[in-house]
Number of protein chains: 2
Amino acid sequence: MTRGTGRGGNPAAPRSVDVARLAGVSQKTVSRVFNDEQYVSADVRRRVLEAAEELGYRRNNAARALASGRTRSIGVVTLGTALYGPASLLMGVERALRDTGYALRVVNTMEGDPAGIAGAVDSLLDQGVDGIVISEPIDEQKTDGGVALRVDVPVLVLGAPSPVGAPTVLTAGDGADLMARIATEHLLSLGHVTVHHLAGPQRWYAARDRLDGWRTTLAAHGRAVPAVVEGDWSAASGYAAGRLLASDAAVTAVFAANDDMAIGLIRALTEAGRRVPEDVSVVGFDDIPVAAYVTPPLTTVPQPFDAVAQEGLKRLVHAIENPHADPLPASDPPVDLLVRSSTAPPPNRTTPARGERSAATNSPGADTGATGPQANGGPSTPH
Amino acid sequence: MTRGTGRGGNPAAPRSVDVARLAGVSQKTVSRVFNDEQYVSADVRRRVLEAAEELGYRRNNAARALASGRTRSIGVVTLGTALYGPASLLMGVERALRDTGYALRVVNTMEGDPAGIAGAVDSLLDQGVDGIVISEPIDEQKTDGGVALRVDVPVLVLGAPSPVGAPTVLTAGDGADLMARIATEHLLSLGHVTVHHLAGPQRWYAARDRLDGWRTTLAAHGRAVPAVVEGDWSAASGYAAGRLLASDAAVTAVFAANDDMAIGLIRALTEAGRRVPEDVSVVGFDDIPVAAYVTPPLTTVPQPFDAVAQEGLKRLVHAIENPHADPLPASDPPVDLLVRSSTAPPPNRTTPARGERSAATNSPGADTGATGPQANGGPSTPH
DNA sequence: GTGAAAGCGCTAACAG
DNA sequence: CTGTTAGCGCTTTCAC
């Protein structure tokens, strides 16, 4: 079979031997140049590069992967939704990957997907990735009661502790409880007797984590822990929850597990005649792009998606390239709170009681990041 | 070199010969079974599958790609932002790809990225994809004045006409002008003398397309075409534009090129004492998840991301697998309008003038999709 | 229906 | 510093 008739692929595509021939060197030398190996004279390198350029040579990645046993790609399992959190994390992962030389393969898993996360991981393994990122996993009702998947590449779990068994399982961005804590502290520091919680779906670790942070904070302050209302992240569910909460006069402060629900909640409260923040204060979570521009501008906890993705990827790549070394230590992402106009002291109290105020002021993280221009809700460019 | 010492990859991973040995057949037969080829007896097939199962065999994709010249993967170039539109399209593409057997590789390109779209396509080509999807491309200021990239796989461009030269270039979802048209018609039908436009960044085809639809509609009705205000898709830019427009008493209706800007715009108008919709009507674009729950609930044009992605991918896969056949024809996605509470007749006119009304009512597409429950802005679950 | 042989284009090991 | 020799694990071609 003559050259050019080759099966599959572009028949005319030049191979490294062609470059070698043109440059007057061996095929292996071409390989050396393209792998940036040392011990190649500047002159030879230049000749090879020129020949490659002239021929329009492009290294065949399949052959490379086959010969080396590494695909130089990382797979991401993410929820198949345009939800702000998962979408932002995915973008963060891609951005973090750009400089590492790894390619990105993406597989979605939907809630209710029969194959679930295990199926997504499996398909990634089929494709042959060097590492896997599982973003914001949710609990799945497995018939067999456990994921028995054998994973032989390092795994990074974003936004939750590890649910899989792999040689290296890293975790990043699972500190939402701390963020929930400062949200709750903020509300208490304004003088609210207690804080209600509009939770996310409890199948999500991220939702449980936020709930835990809220509950812990109330307990630490000796406050009553009201019944939790659970939503599904959507503004519609926040609206439904708002109708419930609006009828309870004891509700003066609500911490919502994400901004979409907070916005639906505020709408329901407003329609019911309960003003925000005069009658009820609301804190959201995420800092979605419109959070500063809704009415009233939303006090919320921004999530450090990029920082989490970047830090996690760095550790994942390290684990891939140094299989026997100790994993890099995790570092805590920054915790912040954007105080805008949806929170205020409770009604029927001209000024917050002294005790309340100091209790919160003494707490770590309370009011952190109440940056100037946004503190009063005057819209300015949010980050 | 003994088996198991093999370079790279999991040393213990079974290969097809191992399966063949265990099943008592030739290696080629294993290949046949896994490729669902015909001419394999049911008995042999069963034995091979059992042996594979027992060994935990997983086909090596790199070897497959090398031998066949096809990677069975598709690359997507998308903007590295969590903007609702691009993110939704990406999810739609993944979902559409699930059933086709192709894997998804993602490369982002950021605005201002020196390599730009061409660089992203190049890296996808390096990885060896069988087809490429370019999502919502933006114009780039190339020093050489043109993308000279040689692409030898089919390309699908989402949300714009093709900017690249490839053997097959398909287009899907580039009908935003029609959607902009019904938005504008809606406003005119309410009796507004003209409609202002808060445009997206004009480097985006999607933004230009919406602007065109708006301008065309005004022209068709013989209305004045006011100066365009350009934003950057963000709520912050919508807010800035709102401050400008609020001071102009002639502004009674604004069509914003996306919901985020519409929300920022509404905030600015409200702060300036111009009520929405009593004094100024606002129509958005996209139908982001919170659109039905902001104040006032936003009248907007939902985008059929999933339909566009699905339709486009079907055609792309067809082009990949039938290189010499004619491309599948494109079909127009559905056009819709969700009338909520941010639009109303203009002030100073107790009822719309007869002439205005009929002019719009006679136009095709006006008021399309004004579904019942949402027509009055009472939040209900948006799709 | 099934098998044997021959690569796909590259990297790994070792020799110079 | 550079070249030679073997494969990586499949699919393809062609023979049986």
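Values below: every heavy atom of this structure, side chains too, minus hydrogens, waters and symmetry copies. Here is the naming used below: chain letters follow the sequence lines, and residue numbers restart at 1 for every chain.
- In terms of heavy atoms, A:Asn61 sits closest to B:Asp126 at ND2-O, 3.1 Å.
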When the side chains of residues 320-328 of chain B are checked against the rest of the protein, which donor-acceptor pairs come out under 3.5 Å, sequence neighbours left out?
residue  : atom : partner  : partner atom : Å
B:Glu321 : OE2  : B:Tyr102 : OH           : 2.9
B:Asn322 : ND2  : B:His318 : O            : 3.0
B:Asn322 : ND2  : B:His318 : ND1          : 3.3

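- A close approach under 4.0 Å does occur between a side-chain nitrogen or oxygen of A:Ser16 and OP1 or OP2 of C:dC10.
- Taking B:Gln310 as the reference, nothing meets the side-chain hydrogen bond (donor to acceptor under 3.5 Å, both in side chains) condition, with sequence neighbours excluded.
- For B:Asp43, the side-chain contact (heavy atoms from CB on, under 4.5 Å) test picks out B:Ser41, B:Arg46, B:Arg47, with sequence neighbours left out.
- The shortest distance between the side-chain N/O atoms of A:Arg15 and the OP1/OP2 oxygens of C:dG9 is below 4.0 Å.
- The interatomic distance linking A:Glu37 (CD) with D:dC1 (C1') rounds to 12 Å, in whole Å.
- Side-chain atoms of B:Arg32 do not come within 3.5 Å of backbone N or O of B:Val40 as any donor-acceptor pair.
- Here D:dG9 presents its P atom at 22 Å from CZ of B:Arg70, a figure rounded to the nearest Å.
- Rounding to whole angstrom units, CG of residue A:Asp36 and C1' of C:dT11 are separated by 15 Å.
- As rounded to whole Å, 18 Å separates atom P of D:dA6 from atom CG of A:Leu66.
- In this structure, of D:dT11, D:dC10, C:dC10, it is C:dC10 that holds the atom nearest to the side chain of A:Arg64.
- One interatomic measurement links the two molecules: CZ of B:Arg59 to P of D:dC10, which rounds to 9 Å at whole-angstrom precision.
- For the pair B:Glu311 (side chain) and B:Ser331 (backbone), a donor-acceptor distance under 3.5 Å is present.
- Summarising the local packing, NZ of A:Lys314 is surrounded by 12 or fewer heavy atoms from other residues, nucleotides or ligands at distances under 6.0 Å.
- A donor-acceptor contact shorter than 3.5 Å links the side chain of B:Arg98 to the backbone of A:Asn108.
- In this structure B:Glu54 satisfies the side-chain contact (heavy atoms from CB on, under 4.5 Å) test together with B:Leu22, sequence neighbours excluded.
- Taken residue by residue, residues 48-56 of chain A places no heavy atom nearer than 4.0 Å to DNA chain C.
- Across all strands shown, A:Asn35 has heavy atoms under 4.0 Å from sugar-phosphate atoms exclusively, and none from any base.
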Any protein N or O atoms within reach of nucleotides 1-4 of chain C? Criterion: under 3.5 Å, listing atom names and distances.
residue : atom : partner : partner atom : Å
C:dT2   : OP1  : B:Ser41 : OG           : 3.1
C:dT2   : OP2  : B:Ser41 : N            : 2.8
C:dT2   : O4   : B:Arg32 : NH2          : 3.4
C:dG3   : OP2  : B:Ser26 : N            : 2.9
C:dG3   : OP2  : B:Ser26 : OG           : 2.9
C:dG3   : OP2  : B:Thr29 : OG1          : 2.5
C:dG3   : N7   : B:Arg32 : NH1          : 3.4
C:dG3   : O6   : B:Arg32 : NH2          : 2.8

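- Across all strands shown, B:Phe34 has no heavy atoms under 4.0 Å from either base or sugar-phosphate atoms.
- The separation between B:Asp126 atom CG and C:dG9 atom P is 16 Å, rounded to whole Å.
- The separation between B:Arg21 atom CZ and D:dC10 atom P is 12 Å, rounded to whole Å.
- When rounded to the nearest whole Å, the span between CG of B:Asn61 and P of D:dC10 equals 10 Å.
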